[in-house]
Number of protein chains: 2
Amino acid sequence: MPHTDTKERILDVAERLFADRGFADTSLRMITAEAGANLAAVNYHFQSKDALILAVIARRMGPLNERRLALLDAVEARAGQGPLPLEDILGAFFEPLFRGGAPCVVNPNFGRLLGRMYIEPGDLFSRVFRDQMAPIRNRFLGAAQRALPGLPLEEIFWRMHFLIGALAHTMSGLHHIKATSDGLVDVTDADAILERLIVFLAAGFRAPAPVKKGEGPCVSQLSSR
Amino acid sequence: MPHTDTKERILDVAERLFADRGFADTSLRMITAEAGANLAAVNYHFQSKDALILAVIARRMGPLNERRLALLDAVEARAGQGPLPLEDILGAFFEPLFRGGAPCVVNPNFGRLLGRMYIEPGDLFSRVFRDQMAPIRNRFLGAAQRALPGLPLEEIFWRMHFLIGALAHTMSGLHHIKATSDGLVDVTDADAILERLIVFLAAGFRAPAPVKKGEGPCVSQLSSR
DNA sequence: GTCTATAGGGGGATAGAC
DNA sequence: GTCTATCCCCCTATAGAC
């Protein structure tokens with residue numbers, strides 16, 4: 001009945017279940033049962049559950065980040081010596097997550113899984129991010145500095161952190177917004193979500209940096225209450 | 001040696017361990033060992049692990065949301081009939097999470113735990129959010145509509161979603177930004193983080209809503225590549 | 001490569017003495 | 001209220017037949 005081989009089927013099912021339920025609460029038995037494979041097949045094709053998790057990630061992470069860099073290359077080529085358009089930088093980072101078609105090979109389930117990885121505890125994913133995401137972050141950090149001259153580096157770090165949070169939560173928590181809005185919002189239109197994210201985050205990045213040690217009007221009002 | 005009773009000690013340790021390691025990977029044996037309590041004490045004072053999780057949440061959630069509403073009341077009273085300052089609305093929502101002192105009783109560990117809950121799978125937390133957060137969301141939704149006339153309700157829902165993501169990731173993932181910035185950023189100054197968040201998100205909320213079904217410049221450029 | 005069977009450990013929950 | 005001891009379940013991983 002399945003059209004692919006066992007190893008690929010295990011990866012597909014594991015990707016979806018990990019995205020749905022998290023890693024700790026997804027057992028190898030669930031995966032093999034749903035993939036129509038034997039429990040021992042996981043330990044034959046991969047070595048352990050941790051190695052399976054890393055294999056699920058590795059299959060998508062490489063193409064995803066290659067596509068991000070290619071898009072950023074194109075953005076920089078279009079800009080020439082001129083200023084880098086911030087929206088295009090964000091688009092190069094997001095687009096490969098929201099479009100499943102060629103030449104992007106990233107399955108939508110992996111987007112949700114990626115969102116989950118940022119929150120999941122343990123040093124398994126810290127290593128993944130340090131190894132796989134460091135070059136990506138450096139390239140996009142440089143692009144952001146070029147697009148936002150005058151914004152302190154520290155502030156760019158914070159705003160990238162906010163960006164990752166908004167992105168991760170959007171990818172992994174679409175059911176939340178669907179539930180809390182009583183179905184008002186459409187969570188199926190990936191293009192629309194992508195554009196909403198870019199508009200929102202670009203405006204945040206363009207905000208003037210807060211004053212160092214001063215009287216931020218809102219904060220002081222709150223604390224003086 | 002401990003100055004509080006067993007029940008309170010279990011709640012304190014559980015709050016911290018749940019924040020550090022997540023729920024699934026924190027066993028009752030870890031909690032009781034670190035709290036200097038017996039394993040059976042958990043099932044005596046609470047009934048089950050799930051009930052313990054809910055008790056950890058319930059202890060903080062009530063005071064947290066009361067404080068949020070009180071701050072929002074003050075913001076609205078100050079504004080009178082005039083426009084609501086967006087930064088103050090955001091401040092009323094964030095401040096009780098970032099300040100541990102009186103009259104706010106929210107332990108900083110709970111902030112990290114709260115950030116984790118949004119991502120954690122399962123319907124345990126969906127129920128918590130639906131029951132505890134619904135009135136809060138409605139009040140702040142109304143305030144946001146008053147502060148941002150002309151912004152479509154659907155867009156406000158999305159931007160609240162982005163806000164929650166940035167907030168949750170900031171609270172639960174401070175180790176990420178510390179690690180990826182090579183220690184450049186200071187993650188200990190809660191006031192500074194709070195102000196950075198407010199500045200960033202207020203700018204995002206003030207951005208014009210994307211056009212409905214048109215040629216968003218960045219998206220069309222990306223898709224036409 | 002795929003299966004069965006099982007080892008070996010950790011988990012939540014509970015009974016019953018104190 | 002607190003302890004010990006234990007039940008019973010599910011987990012990962014592996015050995016070994018096919």
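Just so it is clear, the structure is predicted and the values come from calculations on it, not from any experiment. Below, read A as the first sequence line, B as the second, and so on, with proteins coming before strands; counting in each chain starts at 1.
At C/dG11, one or more side-chain N or O atoms of B/S27 fall inside 4.0 Å of OP1 or OP2 (strictly under the cut-off). The phosphate of D/dT4 has OP1 or OP2 within less than 4.0 Å of a side-chain N or O from B/N38.
Counting to the nearest Å, the C1' atom of D/dC9 and the NZ atom of B/K49 are 15 Å from each other. To the nearest angstrom, P of D/dA13 lies 16 Å from NE2 of A/H45. Rounded to whole angstrom, the span from the CD atom of B/Q47 across to the P atom of C/dA13 amounts to 10 Å. Rounded to whole angstrom, the span from the CG atom of B/L39 across to the C1' atom of D/dA5 amounts to 11 Å. The nearest whole Å value for the distance from the CD1 atom in A/I31 to the C1' atom in D/dC11 is 12 Å. When rounded to the nearest whole Å, the span between CG of A/L28 and C1' of D/dC11 equals 8 Å. Nucleotide C/dT4 holds its P atom 17 Å from the OH atom of A/Y44, rounded to whole Å. In this structure, CG of A/N43 is placed 16 Å from P of D/dG16, rounded to the nearest angstrom.
For B/M30, counting side-chain heavy atoms from C-beta on, the closest listed nucleotide (D/dA13, C/dG11, C/dT2) is C/dG11. For B/T6, counting side-chain heavy atoms from C-beta on, the closest listed nucleotide (D/dT2, D/dT14, C/dT14) is D/dT2.
Using a 4.0 Å heavy-atom criterion, one finds that A/A40 contacts the bases of the nucleic acid, with or without backbone contacts as well.
For B/R29 against C/dG10, a side-chain-to-base donor-acceptor contact under 3.5 Å is absent.
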Next item on the list: Apply ring-ring contact (aromatic ring centres under 6.0 Å, His included) to the pair B/F162 and A/H169, showing each step before the final yes or no.
Entry: CA-CA 7 Å; B/F162 302 152; A/H169 190 232; 9.2 Å; no
Next item on the list: Mind running side-chain hydrogen bond (donor to acceptor under 3.5 Å, both in side chains) on A/T188 and A/D186 for me, showing each step along the way?
Entry: CA-CA 6 Å; A/T188 62; A/D186 173 20; 2.5 Å; yes
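Ring pair B/H161/B/W158 is perpendicular by interplanar angle, where above 60° counts as perpendicular and below 30° as parallel.
Between B/G36 and A/D50, the residue whose closest nucleotide on DNA chain D is further toward the 5' end is B/G36.
Outside the 6.0 Å centre-distance limit, the rings of B/F125 and B/Y118 are not counted as a close aromatic pair.
With a 6.0 Å cutoff to the six-membered ring centre and a 45° limit on the axis angle, B/R159 does not count as a cation-pi contact of A/F200.
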